[in-house]
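For reference, the structure discussed in these notes is given below.
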Amino acid sequence: GVEWQRLGFQLETRETQMVMATCQSGQMWTEARAVPYGPLSLEPSATILNYGQGIFEGIKAYRTAKGRIVLFRPQKNAQRMADGA
């Protein structure tokens, strides 16, 4: 399994780990495992990176004239994430 408490987060990618699991068509996902940080092998036609960014990048925050920070349509963004992920 993955030791989530030991992963840590930082700006540099040296000596870090990433979580990986695999899934064959029609099969269940394998157990998640922590592996050394490194390149990912993707099909040239894979749209997953663009698709994932498209789901997440829709949420926006704005500062009001009174200094409050408000989110624009957070419920709609959460529903889009649930529907698309």
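Remember, it's a predicted structure, so these values are computed and weren't measured experimentally.
- Residues Gly38 and Met18 share a closest heavy-atom pair of O-CE, 3.5 Å.
- Sorted by first and then second residue, the side-chain hydrogen bond (donor to acceptor under 3.5 Å, both in side chains) pairs with a member in residues 23-36 read Thr22-Thr30; sequence neighbours excluded.
- Pairing each heavy atom of Ala21 with each of Ala32, the nearest pair is CB-CA, 4.1 Å.
- No side-chain heavy atom of Arg63 sits less than 4.5 Å from a side-chain heavy atom of Val70.
- A single hydrophobic cluster is not seen to contain both Ile69 and Tyr62; linkage of ILVMFWY side chains at heavy-atom distances under 4.5 Å, directly or through other members, places them apart.
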